[in-house]
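Here's the structure, in structure tokens; my notes come after.
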Amino acid sequence: MSFLPVEQQLEVIKRGVTEIIPENELIHKLKRSIKTGKPLRVKLGCDPTRPDLHLGHSVILRKLRQFQDLGHHAILIIGDFTATIGDPTGQKKMRPSLTMDEIMENAKTYFDQASRILDAEKTEIVYNSEWLGKMNFSDVIRLASKYTLARMIERDDFTNRYENNEPIALHEFLYPLAQGQDSVHLKSDIELGGQDQKFNLLVGRDLQKIDEQEPQVCLMMPLLVGTDGSAKMSKSYDNYIGIDEPSNDMYGKLLKVPDELIYTYFELISDVPIDELPAIKEKAEKDPRNAKHDLALTITRMYYDAKTAQDAREHFEKTIIKKDVPDDIPEFPQQTGSYRLIELIRSVGFAPSNGEARRLIQQGGVSADGNQIKDVNTEIHIDTETDFVLKVGKRKFGRIICE
RNA sequence: GGGGAGAUACCAAAGUGGCCAACUGGGGCAGACUGUAAAUCUGUUGUCUUUCGACUUCGCAGGUUCGAAUCCUGCUCUCCCCA
């Protein structure tokens with residue numbers, strides 16, 4: 001195995017990172033791997049409680065992919081065992097524990113999605129129940145004895161929760177230890193994590209030292225800010241862009257990103273080469289409109305292809321900018337007869353209840369073939385000639401035809 | 001082990017017998033506007049109902065009352081203080 005020179009590797013590795021602890025050990029490890037031809041073992045733990053990956057997750061997965069491309073060995077740990085504990089990291093509340101069946105199901109989904117970013121062939125997948133599940137109670141106590149309470153409660157989220165009178169279960173203290181034990185077991189050289197994982201990654205270092213291993217280097221990536229421009233991207237804040245969202249949605253949501261984030265997104269989640277970044281930064285400042293379309297096009301292309309991305313762009317231009325009807329609209333065949341508009345809106349799934357449908361009409365959000373309908377009592381007659389486009393809100397289109 | 005506080009809609013948080021389907025803020029949705037699905041402004045935000053109105057909802061289960069989110073009893077969960 002031959003590797004790029006240290007400097008070149010570092011350039012790739014350091015793209016977007018917030019912190020490398022410690023950098024000199026990383027350089028040392030890289031030099032050694034070049035000398036011995038032995039790839040570094042790069043570990044990434046994943047949480048199988050939330051299988052829907054979004055662009056926020058892609059930050060760290062892309063970093064792992066970059067290590068793969070540099071010739072290093074990627075280890076993806078499915079935290080099946082730790083998921084049964086519930087991970088408190090960065091959460092206000094403790095997560096519910098899952099059953100093994102749910103976890104295995106989630107882990108599969110996770111890997112399927114992660115494969116769109118990682119080189120799946122070259123990724124070693126391990127389940128931490130393999131070793132954690134074999135520990136008996138005295139092993140656990142011995143592990144727990146290696147850390148002190150004072151060090152545990154250094155962690156911000158524990159402190160905050162404690163001050164806010166929120167419950168912290170004892171087992172939550174075991175989570176960082178379990179994750180650290182993963183590093184010991186796998187003899188990892190590098191562990192990747194979000195900035196919020198810093199504490200857990202450092203525990204891994206400590207436990208490796210106690211075990212007289214060479215400690216891992218901790219590499220933290222920033223948390224990607226979501227489409228709202230304030231909170232980190234997360235499903236619970238509804239500011240996320242899923243990696244398997246339809247291309248049109250992906251494109252549209254990317255345009256919603258605040259201008260200040262355009263460059264960050266390029267840096268962290270796009271595959272544009274490093275030497276193009278400065279020009280992008282300049283464009284993002286001078287011409288945010290087009291830079292953002294470039295971003296949307298780039299990211300959509302990464303998860304689909306160039307043509308699909310282009311189509312998404314046209315779809316957006318047409319529906320949002322020109323307020324035109326999109327090209328391909330789902331058809332909703334109806335049986336001949338007379339329907340109340342409210343019922344029709346609900347039955348095609350454009351509103352969850354009749355009340356909601358009524359409200360949408362009253363607020364002027366409903367139109368048929370471009371003509372706004374404001375009368376709540378409108379009746380629609382369906383016969384063989386029927387063919388019109390029902391629009392509800394900004395984005396819901398449906399062609400109503402006779403069955 | 002002892003004492004105290006609390007659980008309200010998606011989230012936060014008022015309400016302490018009828019004026020409560022429940023103040024307010026956030027979020028969501030819609031409209032206007034916009035390069036944008038951003039920002040801003042306006043409206044809206046339990047279900048059924050054209051209106052009137054009816055029904056379900058304030059941790060869970062019972063009870064008191066003409067009437068309960070509000071009072072009583074039991075249960076579950078959480079937090080704080082003392083030990």
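Just so it is clear, the structure is predicted and the values come from calculations on it, not from any experiment. Protein chains get the first letters and strands the later ones, always in sequence-line order, with residue 1 at the start of each.
Between A:R289 atom CZ and B:U34 atom P the separation is 14 Å, expressed in whole Å. Rounded to an integer number of Å, the gap from CG of A:N239 to P of B:A37 is 18 Å. Between the NE2 atom of A:H315 and the C1' atom of B:U36 there is a distance of 14 Å, rounded to whole Å. Per the geometry, CD belonging to A:E172 stands 14 Å off C1' belonging to B:U78, to the nearest Å. The distance between atom OH of A:Y251 and atom P of B:A37, rounded to the nearest whole Å, is 13 Å. One atom, NZ of A:K318, and another, C1' of B:A37, lie 19 Å apart when rounded to the nearest Å. In this entry the distance linking CG of A:D249 with C1' of B:U36 reads 15 Å, nearest Å. The CD1 atom of A:I361 sits 17 Å away from the P atom of B:U44 (whole-angstrom rounding).
Mapping A:F316 and A:I342 onto RNA chain B via the closest heavy atom, the residue that lands nearer the 5' end is A:F316. Nearer the 5' end of RNA chain B, as judged by each residue's closest nucleotide, is the contact made by A:K396, out of A:R359 and A:K396.
Salt bridge annotation for A:D206-A:R151: present, with a cationic side-chain nitrogen under 4.0 angstrom from a carboxylate oxygen. Between A:E379 and A:R340, none of the side-chain N atoms (NZ, or NE/NH1/NH2) sits under 4.0 Å from a carboxylate O, so this pair counts as no salt bridge.
Separating the P atom of B:U40 from that of B:C72 is a span of 45 Å, rounded to the nearest Å. Nucleotides B:A83 and B:A9 place their P atoms 36 Å apart, quoted to the nearest Å. Going from the C1' atom of B:C29 to that of B:C77 covers 34 Å, rounded to whole Å. Taking atom P on both nucleotides, B:C10 is separated from B:A5 by 29 Å, rounded to a whole Å. Comparing B:U34 with B:C11, their P atoms are spaced 37 Å from each other, to the whole Å. A gap of 36 Å separates the P atoms of B:G43 and B:G6, to the nearest Å. Look at the C1' atom in both B:U45 and B:A38: the space between them is 22 Å, to the nearest Å. When the P atom is used for both B:U73 and B:U65, the distance is 16 Å, rounded to whole Å.
Donor-acceptor pairing under 3.5 Å, judged by distance alone, is present between the side chain of A:K292 and the base of B:U36. One N or O donor and one acceptor, one from the side chain of A:Q363 and one from the base of B:G43, sit under 3.5 Å apart.
Under the 3.5 Å distance criterion, with hydrogens and angles disregarded, a donor-acceptor pair is assigned to the side chains of A:S183 and A:E191. Checking A:D80 against A:S129 by side-chain atom types alone, a donor-acceptor pair falls below 3.5 Å. Between the side chains of A:T109 and A:N106, no donor-acceptor pair is found at a separation under 3.5 Å.
Close to B:A37, at under 4.0 Å from its OP1 or OP2, lies no side-chain N or O of A:T227. Under 4.0 angstrom from either OP1 or OP2 of B:C48 there lies no side-chain N or O belonging to A:R358.
Note on A:E245: nothing from the nucleic acid sits closer than 4.0 angstrom, heavy atoms only. Backbone-only contact: A:L360 has heavy atoms under 4.0 Å from sugar-phosphate atoms and none from a base. Contact annotation for A:D375: no contact, since no heavy-atom pair falls under 4.0 Å across all strands. At a threshold of 4.0 angstrom between heavy atoms, the contacts of A:G393 are confined to the sugar-phosphate backbone, with no base atom among them. Nucleic acid contact for A:D259: base, since at least one base atom lies under 4.0 Å from a heavy atom of the residue.
For B:G1, the paired nucleotide is B:C82, the pair qualifying as Watson-Crick or G-U wobble because both relevant distances are below 3.5 Å. Base pairing analysis places B:A32 opposite B:U40; the two distances defining the Watson-Crick or G-U wobble pair are each below 3.5 Å. In this entry B:C71 has B:G63 as its Watson-Crick or G-U wobble partner, both defining distances falling under 3.5 Å.
Annotation: cation-pi pair A:K391/A:F350 absent, no NZ/CZ under 6.0 Å from the ring centroid and within 45° of its normal.
Between the side chain of A:R41 and the backbone N or O of A:L186 there is at least one donor-acceptor pair closer than 3.5 Å. At least one donor-acceptor pair under 3.5 Å links the side chain of A:K63 to the backbone N or O of A:I13.
In the set B:C48, B:A30, B:U49, the nucleotide with an atom closest to the side chain of A:E343 is B:U49. Nearest nucleotide to the side chain of A:N354, out of B:C48, B:A38, B:U36: B:C48. Distances from the side chain of A:L255 to the nucleotides B:U47, B:U36, B:A38 place B:U36 closest. Listed nucleotides: B:U50, B:C29, B:C48. Nearest to the side chain of A:E356: B:C29. Checked against B:G31, B:U47, B:U49, the side chain of A:K394 finds its nearest nucleotide in B:G31. When each of B:U47, B:A37, B:U49 is scored by its nearest atom to the side-chain atoms of A:K256, the top-ranked nucleotide is B:A37.
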